Participant: 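First, the structure itself, so that you have it in front of you.
Residue numbers start at 1 and run along the sequence shown. Remember, it's a predicted structure, so these values are computed and weren't measured experimentally. Counting convention: from 1, in listed order, for ligands and their atoms alike.
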Amino acid sequence: MSFENLNLIKPLHKALEEKGYEHPTEIQKQAIPVILERNDILGCAQTGTGKTAAFALPILQILHSERHENRSKKVLNSLILTPTRELALQIKENFTVYGKYTGLKSAVIFGGVSQNKQTEILKKGVDILIATPGRLLDLINQKFISLKDIKLFVLDEADRMLDMGFIVDIKKIISMLPEKRQTLFFSATMPPEIIKLSKNILLNPVKIEVTPNSPAVETIKQGVYFVTKPQKKSLLIHLLKDNSIDSALVFTRTKRGADQVTKILNNAKIAAEAIHGNKSQNARQKALSNFKSKRTRVLVATDIASRGIDVTKLSHVINYEMPEESGTYIHRIGRTGRAGLSGVALSFCDNEEKHLLKSINKLINIPIPVIKDHPFNQTDNSEVSKSSSDKLHKFKRNTGKDFLLDDARKKKKRNHRNNSRKKKSIRNRNKQLHLIE
Ligand code: AMP
């Protein structure tokens, strides 16, 4: 299928051609016609599937057609709510590229930076606003934004929004939207809370699900290394010495961890930068743009980056630490293998993280293959040691129990002996007393 079949307007075709997109991705094939028919959508789509264009193209088309007919001035008609600043920026970039010939204006707002530039842009009028929840509410309260004319509302990465504790903010924002609107709801996973939320805000939605069985992107080659915690550094350096790793996004669980790994890599003469929540927005953007332009080969990130980052042709994702949530694994590895390109996702798993690996394997249906051929291989003897320690524990418990029984029996015997001795001595004493009397 080509984009021609999707009945998109000329300004969009022109932009897509320039961008080099030839065929719509699966989610685009499914979602674009449904959105153009003005239906609500409940979309379950993994990262890297081309989800942004799946909603951005029809939104631009609908607003362009209406604007063209009415020739009215810029009114905020579409709101895209997204969890992270990086993702917000990326969606904005996509709207700018796809909407280049539509005359529609989009803007992005997010926290962590001064609001002045953002409010200046808003004052001039925008058609489409991409926002993170906190800054949006802030600017609504200051009367810079009104949601009364919203016709198209997108809730992106809904599961992530909930994970990040945005539920109260989201409900507040939704309560400010006009009842009559079209809502596009996207989530990578569909746990019960998400289904409940979707039921409250969607009207007869069309359900769209891309690769529902195995959420991990199929084009990504996955592998796991069993390695001790202290040897992870050496394994990472060992792998990155291989020049076939063109670019690598390395995930750590903590901000401190990200800084430490970056330092270790730089000391080993491997160009790396860190991106995490303690860095200023400018530093985050700079690190990201250096990585995207391939000036730095390695970007070390906490999960803040696992959703937002879209690096063209990112070859490797390395989970230096296993994620706590198995769903996060999908989002992390989804940074590579985007839009049908191949990619590699490698994970370092120490003994304490084996339970996390177990739940990831369960989620993706197929166990991640174990890579044993490396100098730091920690033989996977955890099961062996577990069963032998179990046995030892059982043995100790049993013998302990025996001891206890023995002890109790001995104590009883001892008491019995003492009691009889006591009775005997009392009897003797009484006898003697009797004799004296
Ligand atoms: P997304 O899932 O929206 O973050 O998109 C993932 C990547 O796929 C981005 O780099 C997009 O630019 C790219 N992309 C989206 N749609 C297409 C398409 N139809 N053909 C080629 N690349 C695409």
Participant: Closer than 4.0 Å to some heavy atom of Thr49 - which atoms of ligand 1 meet that?
Facilitator: 2 (O)
Participant: Just which atoms of ligand 1 are under 4.0 Å from any heavy atom in Thr52?
Facilitator: 1 (P), 3 (O), 4 (O)
Participant: If we ignore angles and hydrogens, is there a donor and acceptor under 3.5 Å between the side chains of Asp159 and Thr189?
Facilitator: yes
Participant: Between Gln28 and ligand 1, find which residue part has any heavy-atom pair under 4.0 Å and reply side chain, backbone, both or neither.
Facilitator: side chain
Participant: Hey, are Lys362 and Ser326 close enough side-chain-wise for a donor-acceptor pair under 3.5 Å?
Facilitator: no
Participant: Working to the nearest 0.5 angstrom, can you tell me the gap between Leu8 CG and Ile32 CD1?
Facilitator: 5.5 Å
Participant: Taking N or O atoms only and a 3.5 Å limit, does His23 qualify as a polar contact for ligand 1?
Facilitator: yes
Participant: Is any NZ, NE, NH1 or NH2 atom of the basic residue among Glu17 and Lys10 found under 4.0 Å from an Asp or Glu carboxylate oxygen of the other?
Facilitator: no
Participant: Ligand 1 and Glu22, any nitrogen or oxygen pair closer than 3.5 angstrom?
Facilitator: no
Participant: Before you tell me yes or no, could you show the steps for Tyr329 and Gln222 under side-chain contact (heavy atoms from CB on, under 4.5 Å), namely the whole-Å CA-CA distance, both residues' side-chain angles and the distance that decides it to 0.1 Å?
Facilitator: CA-CA 11 Å; Tyr329 176 80; Gln222 299 171 65; 2.6 Å; yes
Participant: Would you say Tyr21 has any N or O atom under 3.5 Å from an N or O of ligand 1, going by distance alone?
Facilitator: yes
Participant: Using heavy-atom distances, let me know which of Ala53, Gly334, Gly50, Ala54 sits nearest atom 5 (O) of ligand 1.
Facilitator: Gly50
Participant: List every atom of ligand 1 that sits less than 4.0 Å from any heavy atom of Phe3, numbering the atoms from 1 in the order shown and giving each element.
Facilitator: 19 (N)
Participant: Is it true that Glu353 and Lys358 make a salt bridge, defined as a side-chain N closer than 4.0 Å to a carboxylate O?
Facilitator: no
Participant: Show your working on side chain to side chain donor-acceptor pair (under 3.5 Å) between Ser2 and Asn5 and close with a plain yes or no.
Facilitator: CA-CA 6 Å; Ser2 79; Asn5 304 83; 3.2 Å; yes
Participant: At under 4.0 Å between heavy atoms, is it the side chain or the backbone of Phe186 that contacts ligand 1, or both, or neither?
Facilitator: neither
